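Step one of this worksheet: look at the structure below.
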Amino acid sequence: MKSNRGSIPSAGQGPKGFIRPVKLATIDAKPESIDIDLHRTAVIVVDMQNAFVSKGGMFDTFGWDISGARGVIDNNKKIIYTAREAGCKIVFLKMSYNPDYSNSGGSESPNWYKEVGLVMMRNNPKYWGKFVTEGSWDEEICKELEIYPGDIIIRKQRYSGFAGTNLDAVLKTYNIRYCIFTGVATNVCVESTLRDGYFLDYWPIIVSDAVNSVGPPITQEATLWNVEALFGWVITTHGFLEAISAQERM
């Protein structure tokens, strides 16, 4: 089943009015295969920062398990490189507070009490300013994922990449319709951003082996079930790469 065949306009338009021809790829997804226009597709790389995936980052410092990060980094590298070469837009999201935390919400916001970075720093004052804060090593995208000219970086201060940011405006500027989601954590920032994207009428597609959850395995399973059943489509890294390869052979 092709869930959106025939629904794609004849061309995509970039920020300077440049018209690009449709570049269709069929992805073997769950619950059904889906056709996407690669020229109207963005890979949304969620929070692949030192904080969450690197030795010495916030999670590692406090003993959180980052053993799954290696495979997720490797799959993100493959997806990002292939997608970029195919004409997709690459958007990196990252948790990044101002040094004075003026965008944290403050003590009257639930974000102040529940967002992991703020909680860890508040409970361990010697780390204040060292985690998920603009200008810190912890805040940076991990070195394995090279950022190219033309890629977009968007700082966020809430779990969803759409909350309080210009992500929606950026995607609309590039005429994006399809969003491929990768990154961490599956059940927190990835799912939050994906759900908000769905509500804004983007077509959300999550890559099951290019995301990693926080908590027991059931949290990963729950997000993938939610997406497949209710919010979008689920694919694998191999499935995405195969779809791009097939399109290039056309």
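These numbers were taken from a predicted model, which means no experiment stands behind them.
- Ile205 contributes atom CD1, which lies 4.0 Å from atom CD1 of Ile34 (distance to the nearest 0.5 angstrom).
- Distance alone, capped at 3.5 Å, is enough to place a donor-acceptor pair between the Thr165 side chain and the Gly161 backbone.
- Listed here is the closest heavy atom pair of Glu115 and Leu118: OE1-N, 3.0 Å.
- Summarising the local packing, CG of Asp28 is surrounded by 12 or fewer heavy atoms from other residues, nucleotides or ligands at distances under 6.0 Å.
- Between Val91 and Val45 there is no side-chain heavy-atom pair separated by less than 4.5 Å.
- Contact of the Ile80 side chain with the Thr82 side chain is not registered, since no non-hydrogen atoms from C-beta on lie closer than 4.5 Å.
- When side chains are defined from C-beta on, Met58 counts as touching Val116, because their heavy atoms get closer than 4.5 Å.
- Closest approach of Ala163 to Arg158, counting heavy atoms only: CB-CB, 3.9 Å.
- You'll find the side chain of Ile90 stays beyond 4.5 Å of the side chain of Tyr148, heavy atoms only.
- Using cut-offs of 30° and 60° for the angle between ring planes, the Trp203 and Tyr178 rings count as tilted.
- Remark: Glu146 CD to Lys77 NZ distance equals 9.5 Å, nearest 0.5 Å.
- Using a 4.5 Å cut-off on side-chain heavy atoms (C-beta onward), Ile36 and Leu24 make no contact.
- Of the possible polar contacts, one joining the Asp60 side chain to the Gly56 backbone as a donor-acceptor pair under 3.5 Å is found.
- Neither side chain, Glu134 nor Ser96, offers a donor N or O lying under 3.5 Å from an acceptor on the other.
- Here the closest heavy-atom approach between residue Ser208 and residue Thr236 is recorded as OG-CG2, 3.8 Å.
- Salt-bridge formation is not detected for the pair Arg177/Asp201: no Lys NZ or Arg NE/NH1/NH2 atom is positioned less than 4.0 Å from an Asp or Glu carboxylate oxygen.
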(message) With side-chain contact (heavy atoms from CB on, under 4.5 Å) as the criterion, how do Ile154 and Phe92 come out once you've worked through the C-alpha distance, each side chain's angles and the decisive distance to 0.1 Å?
(response) CA-CA 6 Å; Ile154 294 179; Phe92 291 93; over 6 Å; no
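- Contact annotation: the side chain of Gln247 never approaches that of Ile244 to less than 4.5 Å [non-hydrogen atoms, C-beta and beyond].
- Summarising the geometry, atom CG belonging to Asn226 is positioned 12.0 Å from atom CD belonging to Glu221; distances are rounded to the nearest 0.5 Å.
- Considering all non-hydrogen atoms of both residues, Arg122 and Trp112 come closest at NH1-O, 2.5 Å.
- Counted by atom type alone, Thr133 and Tyr101 present one or more donor-acceptor pairs between their side chains at under 3.5 Å.
- Phe131 pairs with exactly one of Phe62, Phe52, Phe59, Tyr97 by the ring pair (Phe, Tyr, Trp, His ring centres under 6.0 Å) rule, that one being Phe62.
- Within 6.0 Å of the CD1 atom in Ile218, the count of heavy atoms belonging to other residues, nucleotides or ligands does not exceed 12.
- A donor-acceptor pair shorter than 3.5 Å cannot be found between the side chains of Ser136 and Asp138.
- In this structure a side-chain-to-backbone donor-acceptor pair under 3.5 Å is missing from Ser33 to Ala29.
- Asn98 is linked by a side-chain hydrogen bond (donor to acceptor under 3.5 Å, both in side chains) to Ser102, Asn103, Arg155, counting only residues two or more places apart in sequence or in another chain.
- In terms of modelled atom types and a separation under 3.5 Å, the side chain of Asp37 and the main chain of Val22 share no donor-acceptor contact.
- Looking at heavy atoms from C-beta onward, Val72 lies out of side-chain contact with Val211 at the 4.5 angstrom threshold.
- A distance of 11.5 Å separates CD1 in Ile206 from CD in Glu228, rounded to the nearest 0.5 Å.
- In summary, Lys23 and Glu248 engage in a salt bridge, as defined by a charged side-chain N under 4.0 Å from a carboxylate O.
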(message) If you apply the rule side-chain contact (heavy atoms from CB on, under 4.5 Å), what do you find for Thr193 with Phe162, and how did you get there?
(response) CA-CA 6 Å; Thr193 307; Phe162 286 100; 3.9 Å; yes
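- Other residues, nucleotides and ligands place more than 12 heavy atoms under 6.0 Å from the CZ atom of Phe231.
- For the pair Ala210 and Thr237, the tightest heavy-atom approach, listed with the atom from each and the gap, is CB-OG1, 4.1 Å.
- Between the side chains of Ser160 and Ser192, not a single donor N or O lies within less than 3.5 Å of an accepting N or O.
- Sorted by first and then second residue, the pairs that involve residues 44-53 and meet side chain to side chain donor-acceptor pair (under 3.5 Å), not counting sequence neighbours, are Asp47-Lys156, Asn50-Ser54.
- Inter-residue side-chain proximity for Ile73 and Cys142 is flagged as met; some heavy-atom pair is nearer than 4.5 Å.
- Using a 4.0 Å cut-off between charged side-chain N and carboxylate O, Asp74 and Lys78 make no salt bridge.
- Between the side chain of His39 and the main chain of Gly87, no donor-acceptor pair closer than 3.5 Å is present.
- In this model, no donor atom of one side chain and acceptor atom of the other lie less than 3.5 Å apart for Thr223 and Asn187.
- No side-chain donor from either of Tyr159 and Asn111 sits under 3.5 Å from a side-chain acceptor of the other.
- Of all non-hydrogen atoms in Ile27 and Ala243, the two that sit nearest each other are CG1-CB, 3.8 Å.
- Shown here are the salt bridge (charged side-chain N to carboxylate O under 4.0 Å, His left out) partners of Lys114, two or more places apart in sequence or in another chain: there are none.
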